[in-house]
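Working notes for the structure below.
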Amino acid sequence: MGAVFSVLLNQSDAYVRQNAATTCLNMGIHTAKAVGILEQISKSKDRMAAMGAQRTLRIWKGELDANSPGL
């Protein structure tokens, strides 16, 4: 299963990488790469992707409750 996510983390589409990174964090695999990808996406000009990545990182770091509506 980890090999599949390794491929997905290297896709060109930011949303594919973001979803793969989020899933990797949830599964506890490829965490360093997943965090790096989310940090990169969080600085993206695509505001929706950036907001999603920022929210995921804040949840991962324990700064935000996953059920909280705020960013």
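Treat the numbers as computed from the prediction; the structure is a model and nothing was measured.
- Across all their heavy atoms, Cys24 and Leu9 have their closest contact at SG-CD1, 4.0 Å.
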Enumerate donor-acceptor pairs with a distance under 3.5 Å from any side-chain N or O in residues 15-22 to protein atoms, sequence neighbours excluded.
unit_1	atom_1	unit_2	atom_2	d
Tyr15	OH	Asp46	OD1	3.1
Tyr15	OH	Asp46	OD2	3.0
Arg17	NH1	Gln11	O	3.3
Arg17	NH1	Ser12	O	3.0
Asn19	ND2	Tyr15	O	3.2
Thr22	OG1	Gln18	O	2.9

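- Applying the side-chain contact (heavy atoms from CB on, under 4.5 Å) test to Ala50 and every residue at least two apart in sequence or in another chain returns Gln54.
- Atom CZ of Phe5 is separated from atom CD1 of Ile29 by 5.5 Å, given to the nearest 0.5 angstrom.
- For the pair Ile41 and Ala14, the tightest heavy-atom approach, listed with the atom from each and the gap, is CD1-O, 3.5 Å.
- Side-chain N or O atoms of Ser42 include one that pairs as donor or acceptor with a backbone N or O of Glu39 at under 3.5 Å.
- Clustering of Ile, Leu, Val, Met, Phe, Trp and Tyr by side-chain heavy atoms under 4.5 Å joins Leu25 with Val35, Leu38, Leu57, Trp60.
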